[in-house]
Amino acid sequence: MAKQTGWTRQQLLVAFNLYCQLSFGQLDSRTPIIIRYAALIGRTPSALAMKLSNIASLDPAITSTGRKGLAGASSSDRAMWLEMESDWESFAIEAEHAVEALGLSAEAAPPELALQDDRIDYTGSNRTVLTTTRVGQNFFRRAVLSAYQYKCCITGLAIPKLLVASHIVPWRNDEANRLNPKNGLCLSMLHDKAFDVGIITVTENMTVLVSKKNVSDEDHFFDSALSVYDGMPIALPEKFAPHQEFLAYHRKHIFEG
């Protein structure tokens, strides 16, 4: 493979897309998906792994825990990080298209990580809008689940088919942050539904708060599946930590306090 210097925009988009769906511990040249991506973008696995570590050095959620990644982030890396943070939807769609152009989409998203959200209203959407929406939602799901290492942040459930990338501020209420993984929590299907209807929320201190409106001494399942977590801390993600403003919105407008 010929030695390369500057990274093209497509190569950077593929690298950033990959960063969004891998855990920090997977940023290694021996990780199979890094090997596959590297071959298709014309880079060595070591070069791609190094680029991913450079991207990690720009992530406050990584650096705030003492992990530093590598210190060689380029001006192009920094520019794309800012681009991603300022417009998650446009970035996600373009990054997914860059991956699809290399024939990687099916391989990168196994069936158990496919979109599982029936709360999005597609009524009246044309084929282009529908396709774009689902592409973005699949990006959001993989980004959120990987941030929580594919475990429910409340229960620790680790079966991807039973996990949901739950929006903190609902899809319909904040168009600008629909695909922002900082507007997401990884929850089991049950706890996602409870969060969605306001039975549970997350406090400013990142602990679970359970509404008392549905408590019943006779409902033992509610007690064992929901009430038992009241006051317990959630497992924090290793990247894309939920924004406090989104959680505050949920407590004020959705939670049945």
> For the side chain of Thr31 and the backbone of Gln26, is there at least one donor-acceptor N/O pair under 3.5 Å apart?
yes
> Hey, what do you get for CZ (Phe255) to CG (Leu209), rounding to the nearest 0.5 Å?
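One finds 3.5 Å between CZ of Phe255 and CG of Leu209.
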> Would you mind reporting whether Tyr37 and Arg43 have side-chain heavy atoms less than 4.5 Å apart?
no
> Does Phe24 offer a backbone N or O that forms a donor-acceptor pair with the side chain of Glu238 under 3.5 Å?
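Yes, Glu238 side chain to Phe24 backbone: donor-acceptor pair under 3.5 Å.
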> Can you check side chain to side chain contact (heavy atoms under 4.5 Å, CB included) on Asn183 and His243, steps first, answer last?
CA-CA 7 Å; Asn183 185 33; His243 272 175; over 6 Å; no
> Hey, are Glu83 and Arg9 close enough for a salt bridge, meaning a charged N less than 4.0 Å from a carboxylate O?
yes
> Indicate yes or no for a side-chain donor-acceptor contact from Asp87 to the backbone of Ser90 under 3.5 Å, with no hydrogens or angles considered.
yes
> Could you walk me through whether Ile168 and Phe195 pass side chain to side chain contact (heavy atoms under 4.5 Å, CB included), step by step?
CA-CA 8 Å; Ile168 301 171; Phe195 187 80; 4.1 Å; yes
> First locate atom CG of Leu27, then atom CD1 of Ile34, and finally report the distance between them rounded to the nearest 0.5 Å.
6.0 Å
> Tell me whether Glu85 contacts the main-chain N or O of Leu82 through its side chain, where contact means a donor paired with an acceptor under 3.5 Å.
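Side chain of Glu85 to backbone of Leu82, a donor-acceptor pair under 3.5 Å: no, none is there.
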> Is Phe222 close to Val228 at the side-chain level, that is, under 4.5 Å between some pair of heavy atoms?
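No; the side chains remain at least 4.5 Å from each other.
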> Pick out which of Trp81, Phe240, Phe140 makes a ring-ring contact (aromatic ring centres under 6.0 Å, His included) with Trp88.
Phe240
> Spell out, as yes or no, whether a donor-acceptor pair under 3.5 Å connects the side chain of Asp230 to the backbone of Val210.
yes
> Run the ring-centre check on Phe246 versus His167 and record whether the distance is less than 6.0 Å.
no
> Using 0.5 Å steps for rounding, measure from the NZ atom of Lys51 to the CD1 atom of Ile41.
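Here the interatomic distance stands at 9.5 Å.
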> Is a side-chain donor or acceptor of Asp59 paired with a backbone partner of Ala56 at a separation under 3.5 angstrom?
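Not at all, since once roles are kept as given, no pair shorter than 3.5 Å links the two residues.
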> Using a 4.5 Å cut-off on heavy atoms from C-beta on, say whether the side chain of Ile254 contacts that of Pro170.
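The answer is yes, as the side chains (C-beta and beyond) meet within the 4.5 Å cut-off.
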> Nearest 0.5 angstrom please: Lys151 NZ to Leu145 CG, how far?
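It is 12.5 Å, given to the nearest 0.5 Å.
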> Identify whether the distance between the nearest side-chain nitrogen and carboxylate oxygen of Arg251 and Glu256 falls below 4.0 Å.
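No.
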> When clusters are formed by joining ILVMFWY residues with side-chain heavy atoms under 4.5 Å apart, either directly or through shared neighbours, do Leu58 and Phe91 land in the same one?
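The answer is yes; both residues are in one hydrophobic cluster.
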> When you measure from the side chain of Thr207 to the backbone N and O of Ile234, does any donor-acceptor pair fall under 3.5 Å?
no
> Tell me if a side-chain donor or acceptor on His191 pairs with a main-chain N or O of Ala225 at a distance below 3.5 Å.
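Between the backbone of Ala225 and the side chain of His191 there is a qualifying donor-acceptor contact (under 3.5 Å).
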> Would you say Val169 and Glu245 make side-chain contact, with heavy atoms under 4.5 Å?
no
> Does Ser74 reach the main-chain N or O of Asp77 with its side chain, forming a donor-acceptor pair under 3.5 Å?
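Checked: pair present.
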> Would you find a donor on one side and an acceptor on the other, under 3.5 Å apart, between the side chain of Lys239 and the backbone of Leu22?
yes
> What is the distance from atom NE2 of His97 to atom CG of Asn17, rounded to the nearest 0.5 Å?
11.0 Å
